[in-house]
2 protein chains.
Amino acid sequence: MSDSQRFPVAAHALAYLAHSNAYGPDAAVSSASLAASMPTNPVVVRRVTAMLAKAGLIGTRAGAAGGAWLLAAPQSITLDQVLRAVNGCAHLGCPPPGAKGCPVGEKIPKQVARAIAAADSAANQRLSTITVADLLKDG
Amino acid sequence: MSDSQRFPVAAHALAYLAHSNAYGPDAAVSSASLAASMPTNPVVVRRVTAMLAKAGLIGTRAGAAGGAWLLAAPQSITLDQVLRAVNGCAHLGCPPPGAKGCPVGEKIPKQVARAIAAADSAANQRLSTITVADLLKDG
DNA sequence: TGTTACTGATACAGTTTCAGTTACATATTC
DNA sequence: GAATATGTAACTGAAACTGTATCAGTAACA
């Protein structure tokens with residue numbers, strides 16, 4: 001996967017929902033409003049909110065006065081959940097397959113993959129200590 | 001930056017040099033040999049080895065019997081050095097700029113950027129505990 | 001000295017991926 | 001029924017990467 005802005009857009013959207021006290025369908029925020037605060041295109045926002053909704057982090061509703069709202073308290077939504085919801089990872093690359101028949105060429109990619117997975121895991125663990133509520137703090 | 005294979009290629013190349021006991025110009029390994037073990041194209045390898053050379057991790061020499069060799073012991077080359085050498089990062093994306101004039105829209109991106117930097121740092125710290133020598137281990 | 005072999009760099013084509021945009025079917029409120 | 005919103009599909013243009021070919025410079029070796 002190439003470099004994507006999905007994670008930042010998702011994090012920004014959730015923080016904005018929290019700031020708007022959007023905790024139910026009656027306080028839904030439209031994709032146009034979310035997009036205006038980035039700023040980006042409403043369709044880009046909806047592509048992300050659709051994934052967040054499938055992950056159970058937010059609720060969405062079509063129709064007039066529709067939009068998105070949080071399904072959990074901002075303090076309880078961690079950023080690693082957000083990253084997983086938008087199918088992101090640390091993107092350090094995939095190891096080359098290794099030359100067939102070459103003993104060292106076949107062994108190294110396995111260890112490279114393990115190192116990449118370890119780095120990915122460390123990034124996720126760090127993100128698990130940051131919540132959507134933290135994104136609204138000053139400083 | 002989009003998804004790049006530079007980091008895996010660099011890690012594989014360094015591990016291969018270590019396995020070949022390439023510790024000096026007289027034991028230089030050509031880009032063709034390195035490429036054959038991935039497998040990929042020699043030019044792709046040279047694009048990476050040129051960066052590793054600039055970072056001081058390997059030496060290279062042109063001409064007949066030329067190629068690349070390690071400038072340090074495999075146990076002392078950590079993978080975060082390798083990642084920095086090829087200009088990689090965790091690639092979680094860049095935060096949106098935020099809407100001008102919107103107080104919340106301007107504050108959130110700063111915290112999102114901080115979260116991304118924290119995740120990146122965690123990944124690098126984890127990589128700093130893995131060396132090129134570890135890539136040659138079994139299992 | 002001439003041949004061979006290698007690096008580094010540059011340039012190009014093809015592929016992939018993404019943001020942004022338009023369009024449309026569906027759903028909901030008024 | 002009109003207005004407004006989501007979700008999704010299709011298209012465009014930009015960006016980045018791989019693979020490839022090519023060339024100048026360099027070094028070993030007969």
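Side chains are part of it too, since the values below use all heavy atoms of this structure and drop only hydrogens, waters and symmetry mates. In the text below, chain A, chain B and the rest are named by the order of the sequence lines, each starting its count at 1.
Using a 4.0 Å cut-off, no side-chain N or O of B:Thr40 falls inside it from OP1 or OP2 of D:dT18. Close to D:dT6, at under 4.0 Å from its OP1 or OP2, lies no side-chain N or O of A:Thr49.
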*asked:* Checking A:Gln125 against A:Asp80 for the side-chain contact (heavy atoms from CB on, under 4.5 Å) test, could you report, in this order, the C-alpha distance in whole Å, the side-chain angles of both residues, the deciding distance, and whether it holds?
replied: CA-CA 7 Å; A:Gln125 280 181 26; A:Asp80 68 313; over 6 Å; no
*Determine, step by step, whether A:Leu34 and A:Leu17 satisfy the side-chain contact (heavy atoms from CB on, under 4.5 Å) criterion, reporting the C-alpha distance in whole Å, the side-chain angles of both residues, the deciding distance to 0.1 Å, and the verdict.*
CA-CA 8 Å; A:Leu34 289 170; A:Leu17 291 179; 4.2 Å; yes
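Listed candidates were C:dG8, D:dT18, C:dA19. Nearest to the side chain of B:Arg46 is C:dG8. Distance from the side chain of A:Val44 is smallest for C:dT21 among the nucleotides D:dG7, C:dT21, D:dT20. Between C:dG8, C:dT21, D:dT18, one nucleotide has an atom nearer to the side chain of A:Asn41 than all others, and that is C:dT21. Of the candidate nucleotides D:dA5, C:dG8, D:dG7, C:dG8 has the atom nearest to the side chain of B:Ala50. Comparing C:dT7, D:dT8, D:dT6 by their closest approach to the side chain of B:Ser31 singles out C:dT7.
Note: NZ (A:Lys54) to C1' (D:dT8) measures 9 Å, nearest angstrom.
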Quick test: give all pairs of protein nitrogen or oxygen and nucleotides 12-14 of chain D nitrogen or oxygen below 3.5 Å, distance rounded to 0.1 Å.
none

Between the protein and nucleotides 26-30 of chain D, which nitrogen or oxygen pairs come in under 3.5 angstrom?
| unit_1 | atom_1 | unit_2 | atom_2 | d |
| --- | --- | --- | --- | --- |
| D:dT26 | O2 | B:Gly63 | N | 3.4 |
| D:dA27 | N3 | B:Ala64 | N | 3.4 |
| D:dA28 | OP1 | B:Arg61 | NH1 | 2.7 |

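Pairs of residues two or more places apart, or lying in two chains, that qualify as salt bridge (Lys or Arg N to Asp or Glu O under 4.0 Å) and include a residue from residues 125-139 of chain A are A:Asp134-A:Lys137, A:Asp138-B:Lys107.
The aromatic rings of B:Tyr16 and B:His12 lie parallel to each other, with less than 30° between the two planes, well short of the 60° mark.
Under a 3.5 Å cut-off, the side chain of A:Ser20 and the backbone N or O of A:Ala22 do not form any donor-acceptor pair. With hydrogens and angles disregarded, a donor-acceptor distance shorter than 3.5 Å links the side chain of B:Gln81 to the backbone of B:Thr78. The backbone N or O of A:Ile116 sits nowhere less than 3.5 Å from a side-chain atom of A:Asp120 that would complete a donor-acceptor pair.
What you find for A:Ala11 and A:Leu135 is that their closest heavy atoms are O-CD1, 3.7 Å.
When the options A:Thr129, A:Leu127, A:Thr131 are evaluated for a side chain to side chain contact (heavy atoms under 4.5 Å, CB included) with A:Leu79, the one that passes is A:Leu127.
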